[in-house]
Amino acid sequence: SDEMDCPSDCESNQFRCETGQCIPSRKVCDGIVDCHDRADEMACCGKTHFQCSVTKKCIDIDKVCDGESDCGDSSDELPPECEPSKLPHNGFDSDAATATTSTYLISIFAALISVFLLSMLVYYCKRRTGENTSS
């Protein structure tokens with residue numbers, strides 16, 4: 001192998017980070033970043049699981065891009081994992097997911113508009129009250 005001539009600075013019970021830093025092997029995939037390059041916490045999940053970006057939690061691959069955040073950091077529902085070209089075609093239409101997303105977005109916008117209108121009403125009332133008291 002091409003690695004045979006490379007010196008190994010780490011002991012047999014240590015993990016070598018990509019930067020060359022050595023850490024105890026028991027600290028690999030423990031949920032705590034020990035390598036400066038995060039190599040000890042990367043790719044800790046098997047092929048049938050997805051590793052969450054922030055929480056580093058491993059979730060079943062079937063839960064990726066299913067419309068529900070299973071990671072707690074929503075990384076299982078964000079690009080590039082959820083690009084249409086990378087999603088497996090399961091034969092089901094995504095109309096229900098689209099309708100749910102649309103309803104959610106409409107609710108958010110309605111709430112924002114309500115807050116804006118309420119704040120404008122409060123501002124108007126305060127200004128009108130201020131004009132009456134100064135006359």
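FYI, the numbering just counts along the sequence from 1.
Note that the NZ atom of Lys27 and the CG atom of Asp34 stand 5.0 Å from one another [nearest 0.5 Å]. Rounded to the nearest 0.5 Å, atoms NZ (Lys57) and CG (Asp73) are 8.5 Å apart. With rounding to the nearest 0.5 angstrom, the CZ atom of Arg16 is 13.0 Å from the CD atom of Glu11. Interatomic distance, CD1 of Ile23 versus CG of Asn13, reported as 11.5 Å (0.5 Å rounding).
Side-chain atoms of Gln21 come within 3.5 Å of backbone N or O of His36 as a donor-acceptor pair.
Nearest heavy-atom pair, Asp62 versus Asp66, reported as atom, atom and distance to 0.1 Å: O-CB, 4.2 Å. Closest heavy-atom contact between Val28 and Asp40: CG1-O, 3.6 Å. Between Lys63 and Glu77, the shortest heavy-atom contact is O-OE2, 3.4 Å. Closest non-hydrogen pair, Glu41 versus Gln51, comes out as O-NE2, 2.6 Å. Between Ser25 and Ser12 the shortest heavy-atom distance is OG-O, 4.5 Å. The nearest pair of heavy atoms linking Ile61 to Phe50 is CD1-CB, 4.1 Å.
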> Between Cys35 and Thr19, does a side chain to side chain contact (heavy atoms under 4.5 Å, CB included) hold up when you go through it step by step?
Replying inline: CA-CA 8 Å; Cys35 291; Thr19 59; 5.7 Å; no

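SG distance check for Cys71 and Cys52: under 2.5 Å. For the cysteine pair Cys22 and Cys10, the distance separating the two SG atoms is below 2.5 Å.
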Which pairs of donor and acceptor atoms, one on a side chain in residues 108-121, lie under 3.5 Å apart (sequence neighbours left out)?
unit_1	atom_1	unit_2	atom_2	d
Ser114	OG	Ala110	O	2.9
Ser119	OG	Val115	O	3.3
Ser119	OG	Phe116	O	2.7

